[in-house]
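Worksheet for the structure shown next.
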There are 2 protein chains.
Amino acid sequence: MNSISPTQGDTKQRILDSAEYLFAQNGYRGTSLRAITGKADVNLAAVNYHYGSKDGLLEEVIKRRLLPLNRTRMQRIDAVRQKARERGNKPDIRAVLMAFIEPTLLFKESTPEAGTFVTFIGRSMTDPDDTVRRVFQRFIMPLFQILFETTCEALPRLPRDIVLWRLHFTLGSLFHTLNICGKFSTDDIEYINTRLDADSLLALIIPFVTAGMKA
Amino acid sequence: MNSISPTQGDTKQRILDSAEYLFAQNGYRGTSLRAITGKADVNLAAVNYHYGSKDGLLEEVIKRRLLPLNRTRMQRIDAVRQKARERGNKPDIRAVLMAFIEPTLLFKESTPEAGTFVTFIGRSMTDPDDTVRRVFQRFIMPLFQILFETTCEALPRLPRDIVLWRLHFTLGSLFHTLNICGKFSTDDIEYINTRLDADSLLALIIPFVTAGMKA
DNA sequence: GTCTATACGATGATAGAC
DNA sequence: GTCTATCATCGTATAGAC
């Protein structure tokens, strides 16, 4: 097969990459299909052909990165749960939080594209239009369910609604960390190194959220 | 004085209100002066006349809500500091965090317009374009400086960079709380009441961040 | 002092000529 | 492909009406 164009064959992929970048930059509503297909250098109709609709494209953009990440986090949480069951005691709350947070931090620093995706997550959480947030929520639900149950097992004396709120506070700390890392902040109060690697960040955030959870 | 037009006399205010709403809805860059003046039903040139530029307008939108809030928070922190000094011991970390967080939560629920403003803050924190974030940062710097120093005094055994990171985690929890409150979440894991009043939220978040700080 | 109508230069996208 | 003319839209500036 003679490839008469460098863009042939990977049209689907190119659309996905362009959409991810533009969604992160200008938001979902602020990104037109023309902008996406223009950047991807494909025909406008290609989106509808490959993904059915703009919403269908959004789902695929999210699934591509989120499902593998969620699989990793799920395995880590399951491992903590399994180990606790074998030893006949409750899961260690620090290990539970580690199982969720460490893969997340590692994901962010894995590739520039992952960083773009994290930017997109951050934006969707604060967007008044909650179209995107709802899709994210749908895909993260099964994982969050397990995280919640495991956390409740780790902290059996705490009411479930308190655990749920504290998990939200933990997510807030994590989101904010993901957002500020990689940005310049020369004008901050004191020098705060926003270029820390995942291990250093983990060493900072885990004691904070673990103590908060056990409070 | 006969008011021949409902828009007369309050042009400055109307511009401010429209800008605040549209900035929260579509972002700073996504909002044109023509959109603002159109919604406010005033002439395009009025923005330049009253505020000098779009950036000048942005500053006033932020100052209008943030300066009074910051005054309140500053007074509360000063009071905690003063009381500690009188008693000859270090500030209580829980009281310090309360002094910052309680006025913030009360502000959010004070008026619908304050809610809109909080939405705007949330957006600017996750926007890849950091024009707005820089303005917010500039106006919150003096307060954050005092908060940071007071927190260091309350936790003298903790290295300053650790304190700074933990303050960021605290801000993350607070931002996330401000963002999710007031939104529907019928599809959440378990019922989480996002319509809690400031006092109930305070009772939830303060133990979490206090324990995290002291970890 | 306030507000309006209108114009200006810059920018970014589009489309056609080569 | 590359260049270029064109167009819409943006923030901004100004002259004059009330």
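Every chain is numbered from 1 and lettered A, B, ... according to where its sequence line falls, protein lines coming before strand lines.
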*Please give, in whole Å, the distance from C/dA15 C1' to A/Leu44 CG?*
16 Å
*Pairwise distance CG(B/Leu106) to OG1(B/Thr72) - rounded to 0.5 angstrom*: 9.5 Å
*Applying ring-ring contact (aromatic ring centres under 6.0 Å, His included), name anything that partners B/Phe136, two or more places apart in sequence or on another chain.*
B/Phe117, B/Phe120
*Rounded to the nearest Å, what distance is computed from the NZ atom of residue A/Lys39 to the C1' atom of nucleotide C/dA13?*
15 Å
*May I ask you to decide whether A/Arg64 forms a salt bridge with A/Asp17, counting only side-chain N to carboxylate O separations under 4.0 Å?*
yes
*Can A/Glu60 and A/Lys12 be counted as an ion pair, charged N to O under 4.0 angstrom?*
no
_Those residues of residues 29-37 of chain B lying under 4.0 Å from DNA chain D by at least one heavy atom_ = B/Thr31, B/Ser32, B/Leu33, B/Arg34
*Qualifying salt bridge (charged side-chain N to carboxylate O under 4.0 Å, His left out) pairs, either residue in residues 97-111 of chain A, two or more places apart*: A/Arg76-A/Glu102
_Distance in angstrom units between B/Asn43 CG and D/dT12 C1', rounded_ = 13 Å
Donor-acceptor pairs are to be reported for all side-chain atoms of residues 200-215 of chain B against protein atoms at under 3.5 Å, with residues two or more places apart or in another chain.
| residue | atom | partner | partner atom | Å |
| --- | --- | --- | --- | --- |
| B/Ser200 | OG | B/Asp197 | OD1 | 2.6 |
| B/Thr210 | OG1 | B/Ile206 | O | 2.6 |

*Find the distance B/Ile15:CD1 to D/dT12:C1' and express it as a whole number of Å.*
14 Å
*side-chain N/O B/Thr11 vs C/dT2 OP1/OP2, d < 4.0 Å*: no
*Could you tell me whether a side-chain N or O of A/Asn48 sits under 3.5 Å from a main-chain N or O of A/Gly52, the two making a donor and an acceptor?*
yes
*asked:* In this structure, how many angstroms lie between the P atom of C/dC3 and the CZ atom of B/Arg14, rounded?
replied: 11 Å
Please tabulate, one pair per line, all N/O donor-acceptor pairs under 3.5 Å involving side-chain atoms of residues 22-30 of chain A, not counting sequence neighbours.
| residue | atom | partner | partner atom | Å |
| --- | --- | --- | --- | --- |
| A/Tyr28 | OH | A/Lys54 | O | 3.4 |
| A/Tyr28 | OH | A/Asp55 | N | 3.3 |
| A/Tyr28 | OH | A/Asp55 | OD1 | 2.5 |

*Is it true that A/Arg138 and A/Glu59 have a side-chain N and a carboxylate O under 4.0 angstrom from each other?*
yes
_Please give me every residue in residues 45-52 of chain B whose heavy atoms get under 4.0 Å of an atom in DNA chain C, ordered by residue number._
B/Ala45, B/Tyr49, B/His50
*Roughly, in whole Å, what's the span from NZ in B/Lys54 to P in D/dT9?*
15 Å
*Rounded to the Å, how far apart are A/Asp41 CG and D/dG1 C1'?*
12 Å
